[in-house]
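Structure, as structure tokens:
Per chain, numbering begins at 1; letters A, B, ... match sequence-line order. Predicted model only: the values in this text are computed from it and were never measured.
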Number of protein chains: 4
Amino acid sequence: MATLPAVIKNVRVAVAGVGNNTSALVQGIAYYRATGSEIGVHRPVVEGLGVGDIDVVAAFALSDDKVGKDLHQAILAPPNNVPRLVPALPPAGVTVQRGLVDASEIARVASVLDGAEVLLYSAPSGRPDTARAYALAALEAGAAFINTTSDGIARDPAMLARFEEAGLPLAGDDLASQFGTSVLHRALLRLLEERGLTLVSSYQVNLGGTEDFRNLVENPNTKKQSKLNAVGSDRVQMAPLGYLPHLNSTKIAHLNIEAQGWAGTPVSLEVRLRVDDPAGAAGVNIDLIRLAAGALRAGRGGFLAEAAALLKSPPGTAI
Amino acid sequence: MATLPAVIKNVRVAVAGVGNNTSALVQGIAYYRATGSEIGVHRPVVEGLGVGDIDVVAAFALSDDKVGKDLHQAILAPPNNVPRLVPALPPAGVTVQRGLVDASEIARVASVLDGAEVLLYSAPSGRPDTARAYALAALEAGAAFINTTSDGIARDPAMLARFEEAGLPLAGDDLASQFGTSVLHRALLRLLEERGLTLVSSYQVNLGGTEDFRNLVENPNTKKQSKLNAVGSDRVQMAPLGYLPHLNSTKIAHLNIEAQGWAGTPVSLEVRLRVDDPAGAAGVNIDLIRLAAGALRAGRGGFLAEAAALLKSPPGTAI
Amino acid sequence: MATLPAVIKNVRVAVAGVGNNTSALVQGIAYYRATGSEIGVHRPVVEGLGVGDIDVVAAFALSDDKVGKDLHQAILAPPNNVPRLVPALPPAGVTVQRGLVDASEIARVASVLDGAEVLLYSAPSGRPDTARAYALAALEAGAAFINTTSDGIARDPAMLARFEEAGLPLAGDDLASQFGTSVLHRALLRLLEERGLTLVSSYQVNLGGTEDFRNLVENPNTKKQSKLNAVGSDRVQMAPLGYLPHLNSTKIAHLNIEAQGWAGTPVSLEVRLRVDDPAGAAGVNIDLIRLAAGALRAGRGGFLAEAAALLKSPPGTAI
Amino acid sequence: MATLPAVIKNVRVAVAGVGNNTSALVQGIAYYRATGSEIGVHRPVVEGLGVGDIDVVAAFALSDDKVGKDLHQAILAPPNNVPRLVPALPPAGVTVQRGLVDASEIARVASVLDGAEVLLYSAPSGRPDTARAYALAALEAGAAFINTTSDGIARDPAMLARFEEAGLPLAGDDLASQFGTSVLHRALLRLLEERGLTLVSSYQVNLGGTEDFRNLVENPNTKKQSKLNAVGSDRVQMAPLGYLPHLNSTKIAHLNIEAQGWAGTPVSLEVRLRVDDPAGAAGVNIDLIRLAAGALRAGRGGFLAEAAALLKSPPGTAI
């Protein structure tokens, strides 16, 4: 008698940070559940899980405009500015809780993760203590941890060792966008190299209107190193990030590449990329969550190796 | 006693067509011999041969401005407009001979190939009878044949069979540029797909000032199919080629890609590429010549499989 | 006793051609009437007339998909592809009539202009006989005539003389878009000149997806001359127009300008313009109609001098 | 007996600052004297003076790499990176003197202006005390003063009054480039407005590799206000200036304009400008010098009204 396949349960996810990236993730899950579409989906099924098979069971934020609100209300509160991706969004039934800022509140947060298998850390980059505290809360609660910021968590050998010992998956650092500037720039530089062109110079300008951009403009250093890790060339010059509020969640990048071809003849490439930045993050978070859940369920702890391609600064790259 | 490595002799090449592509090839060989540089070289060594290890031993043209001239003088004669790539170019010692236009002159051309191992057919696209006649001359003279035009030679099963039988290498059709619009467009579309984006639309505009462009504007059809073969997507719209004389040998391409990412959010990509078109051809011809010579010397005939990636329309693609 | 200002009556307009430009005009009038907005309006009031003070009283088309339909239904019928600019469009109460193709039907058309003060000729360029016939119908019916095509009507001295004799206004030829490639290109070249730069070269690429583009691709010559009249420089090279159906009513233009500044240093300008082409036409037609009505009502016939800046090829420019 | 026209003597100019702008000015004067060309010259003759009719008679710098050197040697010393604009440059016969940094050295500098009619202040922006001190030195020496920086000199009513009283011309503040981002951006916004489009948003990114850029990146505020004065719209968002050393003296700007046309339809404009930044400054300085000399010779003091269009922040604009 044939065995019925075991029913795969939805992933229980907690999110730390209710900013634009969480808004795009939560709205997108609702979009794909409602439409059944696969438009813009990188991998329809990962570890047996579809993009709709994610339940957000807990959420943490710091802003008074979000704490205490239903998650579906909080994700649309300013300064979030991702556009509405679904016509209507009924209450999620999850109330946003007050997040932590340092190690003193780890136990409290761990106790209210509500059985989450994965803790997605999706706060602004540049707050390493907060990132560490959430990682420790995940360890305490027995959840996988995903660090989407450029703060060094998975690159910290001590932290990585603790996840290995606990048999819990750890993914990080710094989310590579589904289709962002780094991905594109690196692909173009690689293409040049494959074709035998000699790189002369290159630059990259990134403009955006999210809080993430505002934060990066104020804390440029962490991100810059991570960016350089992602592009993989020291001949690329990074213009300072531009926070242009009117862009809202749209990111615009200008890339330039100057090279030399046969007999030293000049080759120039100008590129302008326009994407929704939080949507690009959500399109990767959806894979990280499913990979992390799969590893957790299979009992595989430590660095989530299959996530390396989805990250700008995996373990081993510079901090 | 150790055997000394056999000295590899320079490749003896005949060129049919003394246009811009031949100018860039011949000047580039001189450039690399003079400078020892590897700037812009795809593969420094192929089949044991460097980029300077090529001797052009015969050349054919139709224009009275070129026939009877020394090759180094003929490659700079109008309407050729590749810029000078080397400060000085002493006489080559090879006099340009009158080329053929149809099958009646195959024997004459074959008799003056002067021991060439490779016949590089580098005339304008859109003259299939001429292309066939040169291929037959190569067969008669026992030389490998490279068809850089979009005319169907390697895609013609009967012709391919004849080269197989004769044990002579055949490479074609339609040269992919070292770094041209098709290469770039295809790489970008592939990147999009790899990242899970959904293509909505795309277009490509190509502008140039060479005779090749002028000919393509007058015979757009052959090239268009070959272009589509090269891009590998039927969702790419090709704007008509623009012949803008002031561009000289510079080619400019404008690419646009519109796609959808996570939750259907829009992604736009604008690209402007600027290259020297004949230099891009020379950078590939230099590899085809060395691959063809290697195969000939090793006694391998028929389609030069290792050349497939260097061609827009290899055997099996649409004519 | 103060005199009350005379009530200015709405302009009665007949349109020959129910393509995209007419769609954008008719939908736009409805848009402004509904919203009271002045967004994107060049001149809110011309000759005492607002943009909503236009009544289309007759319309002519050739396609069976349009003739016999209500105007508001016909403007949305394929191949028209201007997007919907207003949420709902109740029936106009004007039935599209069969248009003319040559002089034999002038009397019929003149008899059904239904008291129109202005006949707006808005058919595809490249049908000079049809354009002439409509102009003669306007003369016969005592209406002002506006030729928005590049066919030579106002540039024909004999025709112009007939409108002068009849005391009827004539405006043409070839509509300059409210914000199109020619306007932009000319402004940039003028700016260069004003600043003392020396023009080296320039090109222009135009891409679109309307029937107008399809027609121009098939009849490139008339338009090209008119384009050159519009840009006002013989140093601008025009790439062939590209008909890319997926663009629908969007027009995309790529402009390049290469110049020299102080001490011969290079200056480069790359521009990409994206506009709705029919909307750009409607934004000028709305002014031409009001100017023509004002002149007619004031008894001023002949060339509508105040329209010269709205036209690419007014009388005196090359045909 | 007819009077011979008086021979107009060359203008005697002192320059404070031997950076790139001075290099481009001095090299350019030599270029035009040598070639007789008028390429890239805004106004061949101003106040009877050609672009070659300028003699630099004194120069001041602070760097040990420049002080004590012949002017023609100093202008090519790093970090200056304007390319060579003339093949050879014999010694100028003018030795660069040590400049001042504050008011204590005004008398010394004034005493060695060597009969200069015009003092061109061409140091980096962001050193208002230095700028003031040079202005006072010009007053003391009876020379006209040109402030090319964004520091508030001509906008300072007290300073302006002193030049008026002294009968000496004063021009400033902040040089508008011959063809720079502000000029172009303003022209495009004006064109939009003229055509009746409604501006939605706009941004500007400026990238460069000169010391001027490096200084501006460190002192962004002064320049930003001046930039906004120059563009003349509060709807333009300025991305942070990017100092990209490999660009050397090339400046690259990316402009974006989003607007609405007829019936609210979207209009987008993307522009990429590439210029030599110091050459753009020299092309305006050459006019300011001649205007200032003309006014001085005619006895007209105070603000040099005819210079207003050549300045970003003339008197009356915000500091």
Check: Would you say the ring centroid of D/W262 lies under 6.0 angstrom from that of C/Y32?
Finding: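 Yes, ring centres under 6.0 Å apart.
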Check: Which one of D/T198, D/I29, D/L255 has the most heavy-atom pairs closer than 4.5 Å to chain C?
Finding: D/T198
Next item on the list: May I ask you to test the C/L184-D/L269 pair for a side-chain heavy-atom distance under 4.5 Å?
Entry: yes
Show me, pair by pair, the donor-acceptor contacts under 3.5 angstrom made by side chains of residues 273-286 of chain D, not counting sequence neighbours?
unit_1 : atom_1 : unit_2 : atom_2 : d
D/D276 : OD1    : D/S249 : OG     : 2.5
D/D276 : OD2    : D/A279 : N      : 3.0

Next item on the list: Just give me the residue among C/P83, C/A24, C/S37 that pairs up with chain D most often, heavy atom to heavy atom, under 4.5 Å.
Entry: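 Option with the top pair count is C/A24.
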Check: Between C/R195, C/E38, C/R43, C/R272, which shows the greatest number of heavy-atom pairs under 4.5 Å with chain D?
Finding: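 Option with the greatest count: C/R195.
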Next item on the list: Determine the minimum heavy-atom distance between D/L191 and C/A187, stating which atoms define it.
Entry: CD2-CB, 3.6 Å
Checklist line | Closest non-hydrogen atom pair between D/G28 and C/A263, with its separation | finding: CA-CB, 4.0 Å
Next item on the list: Pick one of side chain, backbone, both or neither for C/S177, based on which atoms fall under 4.5 Å of a heavy atom in chain D.
Entry: backbone
Check: To the nearest 0.5 Å, what is the distance between CD (C/E194) and CD (D/Q178)?
Finding: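 The CD atom of D/Q178 is 12.5 Å from CD of C/E194, to the nearest 0.5 Å.
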Next item on the list: Please look at D/I252 and chain C and tell me whether the side chain, the backbone, both or neither of the residue comes under 4.5 angstrom of a heavy atom of that chain.
Entry: neither
Notebook entry, point to check: Counting distance only, does the side-chain N/O of D/Q260 pair as donor-acceptor with the main-chain N or O of C/G40 below 3.5 Å?
Noted result: no
